[in-house]
Amino acid sequence: MTKTICYDINKIAVNSQAQLIRQRQSEQAYKRLMTSLSHDVKTPLASLVGYLEAVENKIVIGEEKDEYIHVAHEKAHYMKSFVENLFEWVKLDSGEQIFHFEKFDLNELSRNIIADWIPVLESNHFEYEFVIPETEYFIHIDVNAYTRVLNNLFQNIIIHSAGDKMALHICEDIQQAKIIISDNGKGIAPDKLPHIFERMYQCDQSRSAKGNGLGLAIAKELISVHKGTITAENSSDKGTVFTILLPKAL
């Protein structure tokens with residue numbers, strides 16, 4: 001009996017210590033997150049204010065003024081995107097995000113989402129190729145979540161790939177659908193590749209001015225909610241390939 005009690009006490013002590021370690025790691029992770037958030041908000045916000053003050057105080061005029069307004073407009077859109085991503089990440093991380101799963105034709109849904117991106121791709125001088133089966137393929141999906149996943153991946157390619165061509169191919173079998181999204185850009189450094197789906201992770205210093213490190217993390221969380229997977233690898237030719245696997249509806 002004494003040995004059993006001692007064993008239970010030791011087990012409780014070990015569990016408590018493990019829980020304390022996890023709590024400290026979580027606190028440290030959130031401190032790092034807050035530091036990153038502070039930097040990502042403070043820098044573009046200060047820059048935005050500076051550009052607007054220069055315009056308001058008539059420090060710049062004519063074509064230079066127009067350029068300042070254009071830059072301020074871009075920075076305002078960055079802040080809007082950042083806040084939207086942050087809000088969505090907080091809801092996902094806290095488990096407060098509500099999903100509405102329905103049975104949808106993945107192919108038709110994908111075509112509808114892509115249609116909105118064609119003008120954006122063309123305005124950014126991107127060639128594109130979409131290969132989607134004409135047959136119906138039903139999966140249980142949250143439409144808004146799937147739309148966010150494709151939006152985040154397309155936006156990531158436009159902003160970060162440094163390429164000028166992207167492609168989306170969908171292939172399906174009796175068990176799952178495979179969605180392959182690729183570009184012909186610079187690819188991702190091999191040592192950075194395993195970390196790109198981590199929140200607030202940015203592959204290099206140049207990306208910190210263009211992204212917030214949340215888009216791919218959100219995409220991975222949303223795909224996981226659908227009991228699917230998303231991976232990334234460098235193409236043997238050039239660029240990056242994202243592969244999403246989603247189970248077919250039974």
Side-chain angles (χ1 to χ4, degrees), residues 33-90 112-130 144 147-168 181-189 192 196 199-219 232 234-235 237-240 242:
L33 176 61
M34 290 302 106
T35 300
S36 296
L37 290 176
S38 176
H39 176 268
D40 281 350
V41 171
K42 184 178 180 181
T43 302
L45 186 58
S47 179
L48 173 61
V49 171
Y51 277 96
L52 292 177
E53 285 181 344
V55 172
E56 185 177 22
N57 295 329
K58 297 181 173 54
I59 297 174
V60 291
I61 58 174
E63 291 184 3
E64 190 176 10
K65 174 184 175 181
D66 293 339
E67 179 63 24
Y68 269 51
I69 292 174
H70 175 70
V71 174
H73 182 262
E74 287 188 336
K75 291 184 179 298
H77 271 283
Y78 166 82
M79 293 296 297
K80 178 177 179 290
S81 175
F82 180 83
V83 171
E84 288 175 348
N85 279 335
L86 178 59
F87 181 65
E88 184 157 6
W89 173 258
V90 169
N112 291 338
I113 296 170
I114 288 169
D116 292 334
W117 275 93
I118 290 177
V120 179
L121 291 167
E122 290 179 347
S123 66
N124 282 275
H125 310 291
F126 263 78
E127 296 180 23
Y128 49 85
E129 178 184 63
F130 304 123
N144 291 332
T147 302
R148 168 64 82 172
V149 169
L150 292 193
N151 286 350
N152 286 2
L153 291 175
F154 288 173
Q155 187 174 38
N156 183 273
I157 289 173
I158 290 174
I159 294 174
H160 301 307
S161 72
D164 58 7
K165 184 176 181 179
M166 66 88 63
L168 181 146
I181 301 173
S182 59
D183 63 67
N184 68 338
K186 61 184 179 181
I188 301 171
K192 310 294 184 184
I196 64 170
R199 63 183 179 186
M200 306 306 296
Y201 186 81
Q202 295 161 329
C203 287
D204 53 52
Q205 294 298 319
S206 64
R207 290 184 63 174
S208 62
K210 299 179 181 179
N212 51 55
L214 287 171
L216 293 182
I218 289 172
N234 285 320
S235 169
D237 298 325
K238 192 178 181 183
T240 304
F242 292 95

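Quick caveat: nothing in here was measured; it's all calculated off a predicted structure.
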F154 vs L121 side-chain heavy atoms within contact, under 4.5 Å: no
L168 side, atom CG; L150 side, atom CG - distance, nearest 0.5 Å: 6.5 Å
All ring pair (Phe, Tyr, Trp, His ring centres under 6.0 Å) counterparts of F126, not counting sequence neighbours: none
Shortest non-hydrogen contact from A219 toward V149: O-CG2, 3.9 Å
Qualifying residues under side-chain contact (heavy atoms from CB on, under 4.5 Å), relative to D164, sequence neighbours excluded: N184
Side chain proximity check, Q155 to I159, heavy atoms < 4.5 angstrom: yes
Partner set under ring pair (Phe, Tyr, Trp, His ring centres under 6.0 Å) for F242, not counting sequence neighbours: none
Backbone N/O of L216 and side chain of N152: donor-acceptor pair under 3.5 Å: no
All side-chain contact (heavy atoms from CB on, under 4.5 Å) counterparts of V120, not counting sequence neighbours: W117, N124, I158
Test side chain to side chain contact (heavy atoms under 4.5 Å, CB included) applied to D116 and N151, step by step: CA-CA 10 Å; D116 292 334; N151 286 350; over 6 Å; no
Interatomic spacing from CG in N234 to OG in S182 - rounded to 0.5 Å: 12.0 Å
Any residue meeting side-chain contact (heavy atoms from CB on, under 4.5 Å) with I118, in chain and number order, not counting sequence neighbours: I114, E122, Y128, F130
Closest contact, heavy atoms only, G185 versus K238: O-CG, 3.1 Å
Test log, rule side chain to side chain contact (heavy atoms under 4.5 Å, CB included), inputs K65 and I69: CA-CA 6 Å; K65 174 184 175 181; I69 292 174; 4.1 Å; yes
Separation between NZ of K186 and NE2 of H160, rounded to the nearest 0.5 Å: 8.5 Å
Minimum-distance pair of heavy atoms, taken over all atoms of I196 and A232: CD1-CB, 3.5 Å
E129: side-chain contact (heavy atoms from CB on, under 4.5 Å) partners, not counting sequence neighbours: V131, A167, H169
